[in-house]
J.: 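Input: one structure, supplied below.
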Amino acid sequence: MLADPDLLAGLDYWRTLPIKQQPAWPDADAVGAVVAELATMPPLVFAGEVDNLRERIAKAARGEAFMLQGGDCAETFAGATADQIRDRVKTMLQMAVVLTYGASMPVVKVGRMAGQFAKPRSSDTETRGDVTLPAYRGDIVNGYDFTPESRQADPSRMLRGYHTSASTLNLIRAFTQGGFADLREVHSWNRGFAANPANQRYEGLAREIDRAIRFMEAAGADFDELRHVDFYSSHEGLLMDYERPMTRIDSRTGTAYDTSAHFIWIGERTRDLDGAHVDFFSRVRNPIGVKLGPTTTPDTMLRLIDKLDPQREPGRLTFITRMGAGKIREALPPLLEAIKNSDAQPLWITDPMHGNGITTPTGYKTRRFDDIVDEVKGFFEAHRAVGTHPGGLHVELTGDDVTECMGGSEFIDEATLATRYESLCDPRLNHKQSLELAFLVAEELSKR
Ligand SMILES: O=C[C@H](O)[C@H](O)COP(=O)(O)O
Ligand SMILES: C=C(OP(=O)(O)O)C(=O)O
Ligand SMILES: [Mn+2]
């Protein structure tokens, strides 16, 4: 089907609107050449897969599924190795099994992976000693090394971002379709975790899952079927010179899909109602997420719904709340009440990371595991009180044994942060902290 000329013109309307958080590219011609090349590259995802995800999100919004979204704050080109990708996928699969049991519902698995390369920053510059340089905006824009050459925005990085996303997604598809996701195998990894004396508290739940799997086996469940899982990609839709050329007209329907990922979210810093990002993503068919911080008013939220989901399409819109542990119990209920009295049915998921950042006196950005857990609990409490569905969890995590967030059963403290702090942006839960969070959330889910 041919695209309607108004749709094509609309996809560039964002250029006339105020825009935030874009790099200062030094050479417009070089950007134009990269954008033209990106526009000729094959899509990373197929529109039909995007539609499937939208249907699953619709189920989660109705309270019939739970969404798990996780991965790095900022993926890096160097971090796209087989081992690191495998360990992140493994962590997500392990969490998903625990959550599936806790929720007694399917878990929709979405990686902050295969394209999560662009970062919004609080400041355009970074100063070390008496040197000030442009801030690091993610590997798709500039380098992390603190030199003028590395921090200069380089559009050729967008091509490397595309190719790194393609190879990452290829390996994710191979793992999740090729047998690595076998339910019995994933559960045996979880048994290893719960067998550690530090995680004794979770042993009971692990044993219950064990019994459930043995029951399934005895009852003749087809475990071959359970070796394949659907795993979707997502990232913040931030860098417009990348997202626009990756947006294509679907030949089946004549509508626009951003083919850089299945799911795209708009960040807390760029969700202005009259800004470029909201306008652009209002015109693509992907399921869209919007981060909502503690200052969000019901009116702003309702206007975001009108812009991004005027048809009230099931699965179209996900609100990712990131209020902070100390604020969620006051800030979230008024938003939930306003939704209850409207005709909209967004999916609600909790990001317990971005409202709980602190910086140590030694300069590490970190988060306390207990604050993260507390925000998740506040999220469940708010939904329970209002009668809406707490539909998912959005976390920054890695499969590696890093020391970036404090607490958890290994008691990572301020002094320990320095031993293996690897994130180039925000602190991630390590493998064990991620599993621990999944067990705690499963306990909350099973209370319902
Ligand atoms: O993930 C995002 C960070 O919170 C965001 O990039 C801001 O970080 P900054 O305050 O270090 O710039
Ligand atoms: C920048 C991020 O979050 P927020 O927009 O909620 O600050 C993020 O998810 O990494
Ligand atoms: Mn982050």
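Indexing begins at 1, ligand by ligand and atom by atom, following the structure's order. When reading the values below, keep in mind they use all heavy atoms of this one structure, side chains included, and skip hydrogens, waters and symmetry mates.
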J.: Students often mix this up, so state it plainly: with edges at 30° and 60°, are the rings of F66 and F380 parallel, tilted or perpendicular?
T.: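 Taking F380 first and then F66, their aromatic rings lie parallel (interplane angle under 30°).
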J.: Hey, what's the ring geometry for F280 with W14, parallel, tilted or perpendicular (30° and 60° as the breaks)?
T.: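 Rings of F280 and W14: perpendicular, as their planes differ by over 60°.
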J.: Between D426 and H354, is there a side-chain heavy-atom distance shorter than 4.5 Å?
T.: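 Yes, side chains in contact.
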J.: Between Q433 and N430 (side chain of the first, backbone of the second, donor and acceptor by atom type, cut-off under 3.5 Å), is there such a pair?
T.: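 Yes; at least one donor-acceptor contact below 3.5 Å.
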J.: To 10°, measure the OD2(D426)-the Mn ion (ligand 3)-SG(C73) angle for me.
T.: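 The two atoms form an angle at the metal of about 90°.
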J.: List every atom of ligand 2 that sits less than 4.0 Å from any heavy atom of G267, numbering the atoms from 1 in the order shown and giving each element.
T.: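 Counting atoms of ligand 2 from 1, those under 4.0 Å from G267 are 5 (O).
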J.: What atoms of ligand 1 come within less than 4.0 Å of a heavy atom belonging to C425?
T.: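 Taking each heavy atom of C425 in turn, ligand 1 has 6 (O) under 4.0 Å.
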J.: Select one of side chain, backbone, both or neither to describe which atoms of P120 lie under 4.0 Å from any atom of ligand 2, heavy atoms only.
T.: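 For P120, only side-chain atoms sit under 4.0 Å from ligand 2.
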J.: Below 2.8 Å, can you find an N, O or S atom of H354 next to the Mn ion (ligand 3)?
T.: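 Yes, within the cut-off.
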J.: Would M353 count as a contact of ligand 2 if the rule is a heavy atom under 4.0 Å away?
T.: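 Under 4.0 Å: no for M353.
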J.: Consider every N or O of H354 and every N or O of ligand 2, then say whether any pair is closer than 3.5 Å.
T.: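 Yes.
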J.: Would you say Q116 contacts ligand 2, with heavy atoms under 4.0 Å as the rule?
T.: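 Flag not set, Q116 not near ligand 2.
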J.: If you measure every N/O of K119 against every N/O of ligand 1, is any gap under 3.5 Å?
T.: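 Yes.
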J.: To make sure I understand the geometry: which N, O or S atom in E396 is closest to the Mn ion (ligand 3)?
T.: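 Checking each N, O and S atom of E396, the shortest distance to the Mn ion (ligand 3) belongs to OE2.
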J.: Determine, considering heavy atoms only, which of Q21, E236, K291 sits nearest to atom 9 (O) of ligand 2.
T.: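 It is K291 that holds the nearest heavy atom.
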J.: Looking only at protein heavy atoms, identify the closest one to atom 5 (C) of ligand 1 and say how far it is in Å.
T.: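 Scanning the protein heavy atoms, the shortest distance from atom 5 (C) of ligand 1 goes to P120 O, 3.2 Å.
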J.: With atom 6 (O) of ligand 2 as the reference point, say which of R121, R322, E268 has the nearest heavy atom.
T.: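 The option holding the nearest heavy atom is R322.
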J.: May I ask you to decide if the ring planes of F281 and H277 are parallel, tilted or perpendicular, using 30° and 60° as cut-offs?
T.: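 The arrangement is parallel - the two ring planes meet at less than 30°.
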